[in-house]
Asks: 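Pasting a structure here, questions to come.
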Amino acid sequence: MSLPHAILTALLERPSSGLELTRRFDKSIGYFWSATHQQIYRELGRLEREGLIRALPSEKPTRGRRKEYEVLPAGGDELARWAAEPQDPRTVRDPLLLKLRAAAVVGGVGLEEELRRHLALHRAQLAEYDAIERRDFPPAPDRAREDRLRHIVLRAGIELETFWTTWLTEALDELAGAPEEAGPAGAAAP
């Protein structure tokens, strides 16, 4: 996924200013595709230059007002093209996993503390996702397809956080019974 497609998605859901997009990213899309305020504004300018979005006309003077953007037909076509394109899974690139691998070679001073910190962060994120699910997706067999798709994305986040909390708990349990020494430098591991 790319930032332009995330922005097109958000703008198709609701025309917004850059500031509103930033806030919406913090509350929804940002859970799985993050972007800074500057990145969003830079991308809005590029999408506008490419004719994929436009600033909505305003009756207020342009100076000091927030520009609201909407998606043009070309932007909708681009998003539909991209959404239909096959996408291969990406390789996991997680610094914590690399730290664990490095600790096997050089030792892991403070490793358990870092694992506990990550566990707390993942538990907090899981609790937040669970609260969103309870609030926004109560059981409803006749839910619209759009809401079903949004719920599926949220469920992916819930399952990922569940995985991390389970895995981190197991890792801490495993390390609690292991000696503090670093493993052999040439030991094979995935």
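These numbers were taken from a predicted model, which means no experiment stands behind them. All heavy atoms count here, side chains included; hydrogens, waters and symmetry mates do not. Heads up: numbering here begins at 1 and tracks the sequence.
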Asks: Would L168 and L175 show up in the same hydrophobic cluster when neighbours are defined by side-chain heavy atoms closer than 4.5 Å?
Replies: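 Yes.
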
Asks: To the nearest 0.5 Å, tell me how far K67 NZ sits from S17 OG.
Replies: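 Rounded to the nearest 0.5 Å, the NZ-OG separation comes to 11.5 Å.
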
Asks: Taking R143 for its side chain and P138 for its backbone only, find out whether a donor-acceptor pair lies under 3.5 Å.
Replies: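 Yes: the side chain of R143 pairs with the backbone of P138.
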
Asks: Return the CG to CD distance between L126 and E159, rounded to the nearest 0.5 Å.
Replies: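 Separation between the atoms: 9.0 Å.
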
Asks: Identify the heavy atoms of A10 and I29 that sit nearest to each other, and give their distance.
Replies: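 Heavy-atom minimum between the residues: CB-CD1, 3.9 Å.
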
Asks: Can you tell me if Y41 uses its side chain to pair, donor with acceptor, with the backbone of T36 under 3.5 Å?
Replies: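 No, Y41 side chain to T36 backbone: no donor-acceptor pair under 3.5 Å.
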
Asks: With a 4.0 Å cut-off on N to O distance, would you call R116 and E113 a salt bridge?
Replies: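 Judged by the 4.0 Å cut-off on N to carboxylate O distance, R116 and E113 do not form a salt bridge.
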
Asks: Around atom CZ of R148, are there more than 12 heavy atoms from other residues, nucleotides or ligands closer than 6.0 Å?
Replies: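 Result for CZ/R148: enclosed.
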
Asks: Can you check whether E78 reaches E50 side chain to side chain, under 4.5 Å on heavy atoms?
Replies: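 SC-SC contact between E78 and E50 ruled out.
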
Asks: Flag the pair R150 and E146 as a salt bridge only when some basic side-chain nitrogen lies within less than 4.0 angstrom of an acidic carboxylate oxygen.
Replies: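 E146 and R150: not salt-bridged.
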
Asks: Give a yes or no answer on whether the side chain of S28 reaches the backbone of F25 with a donor-acceptor pair at less than 3.5 Å.
Replies: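 It does not hold such a pair.
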
Asks: Is L149 reachable from L8 through a run of I, L, V, M, F, W or Y residues, each pair having side-chain heavy atoms under 4.5 Å apart?
Replies: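 Different clusters.
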
Asks: Measure across L47 and P4 and return the closest heavy-atom pair with its distance rounded to 0.1 Å.
Replies: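 The pair with the smallest heavy-atom distance is CD2-CB, 4.0 Å.
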
Asks: Heavy atoms only: give me the nearest A35-L3 pair and the separation to one decimal.
Replies: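 Minimum heavy-atom separation between A35 and L3: CB-CD1, 3.6 Å.
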
Asks: Counting C-beta onward and ignoring hydrogens, is there a side-chain heavy-atom pair between I53 and I7 closer than 4.5 Å?
Replies: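 Not touching, per the 4.5 Å side-chain cut-off.
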
Asks: How long is the span from the CG atom in L44 to the CZ atom in R54, to the nearest 0.5 Å?
Replies: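 Rounded to the nearest 0.5 Å, the CG-CZ separation comes out at 14.5 Å.
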
Asks: Grab the two heavy atoms, one from S16 and one from L21, that are nearest each other, plus how far apart they are.
Replies: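 Nearest heavy atoms, S16 then L21: CB-CG, 4.0 Å.
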
Asks: Would you compute the distance between atom NE2 of H5 and atom CG of L12 and round it to the nearest 0.5 angstrom?
Replies: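 Answer for the NE2-CG pair, H5 versus L12, is 11.5 Å.
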
Asks: Rounded at 0.5 Å granularity, tell me how far CD in E170 sits from OG1 in T165.
Replies: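 Nearest 0.5 Å value for the CD-OG1 distance: 9.5 Å.
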
Asks: Indicate yes or no: at least one non-hydrogen side-chain atom of D136 is less than 4.5 angstrom from one of L154.
Replies: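 A side-chain contact is absent here, since even the closest heavy-atom pair is not under 4.5 Å.
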
Asks: Which atom pair, heavy atoms only, marks the closest approach of G51 to A74?
Replies: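 So the two residues come closest at O-CB, 3.7 Å.
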
Asks: Should E48 and Y69 count as side-chain neighbours, where that means a heavy-atom distance under 4.5 Å?
Replies: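 In contact.
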
Asks: Under 4.0 Å between a Lys/Arg side-chain N and an Asp/Glu carboxylate O for E20 and R23?
Replies: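 Here E20 does not pair with R23 in a salt bridge, since their nearest N and O are not under 4.0 Å apart.
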
Asks: Could you check whether atom CZ of R81 has more than 12 heavy atoms from other residues, nucleotides or ligands sitting under 6.0 Å from it?
Replies: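 Result for CZ/R81: enclosed.
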
Asks: Just wondering, do R117 and L121 contact through their side chains at under 4.5 Å, heavy atoms?
Replies: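 L121 vs R117: side chains touch.
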
Asks: Using 0.5 Å steps for rounding, measure from the CG atom of L100 to the CG atom of L111.
Replies: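 One gets 5.0 Å once the value is rounded to the nearest 0.5 Å.
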
Asks: Describe, in one word, how the ring planes of W167 and F163 are oriented to each other, choosing from parallel (under 30°), tilted (30 to 60°) and perpendicular (over 60°).
Replies: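 Correct class here is parallel.
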
Asks: Over all heavy atoms of both residues, which pair between L56 and P15 is shortest? Give the atoms and the distance, please.
Replies: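 Of all heavy-atom pairs spanning L56 and P15, the closest is CD1-CB, 3.9 Å.
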
Asks: Please tell me whether L79 and V153 are part of a single hydrophobic cluster in this structure, the criterion being side-chain heavy atoms less than 4.5 Å apart.
Replies: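 L79 and V153: one cluster.
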
Asks: Linking I/L/V/M/F/W/Y whenever their side-chain heavy atoms sit closer than 4.5 Å, directly or via other members, would L160 and I132 fall into one cluster?
Replies: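 L160 does not cluster with I132.
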
Asks: Could you tell me if the side chain of H37 sits less than 4.5 Å from the side chain of L19, heavy atoms only?
Replies: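 Yes; the side chains approach each other to less than 4.5 Å.
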
Asks: Let's go through I40 and E43 carefully: what are the C-alpha distance in whole Å and the side-chain angles of both, what is the deciding distance for side chain to side chain contact (heavy atoms under 4.5 Å, CB included) to 0.1 Å, and is it a yes or a no?
Replies: CA-CA 5 Å; I40 289 172; E43 200 57 48; 5.9 Å; no

Asks: Any chance you could lay out the side chain to side chain contact (heavy atoms under 4.5 Å, CB included) test for R46 and R42, step after step, and finish with the verdict?
Replies: CA-CA 6 Å; R46 190 179 72 72; R42 189 171 40 248; over 6 Å; no

Asks: Flag yes if I152 and I158 sit in one hydrophobic cluster, no otherwise; membership is Ile, Leu, Val, Met, Phe, Trp, Tyr, and two members link when side-chain heavy atoms are under 4.5 Å apart.
Replies: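 As far as the 4.5 Å side-chain criterion goes, I158 and I152 are not connected within one cluster.
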
Asks: Short question: side chain of R123, backbone of L119 - any donor-acceptor pair under 3.5 Å?
Replies: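 No, the answer is negative, given that no donor and acceptor are paired below the 3.5 Å cut-off.
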
Asks: Looking at R93, I want to see if its CZ is surrounded by more than 12 non-hydrogen atoms of other residues, nucleotides or ligands under 6.0 Å.
Replies: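 Atom CZ in R93 is not packed in, count stays at 12 or less.
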
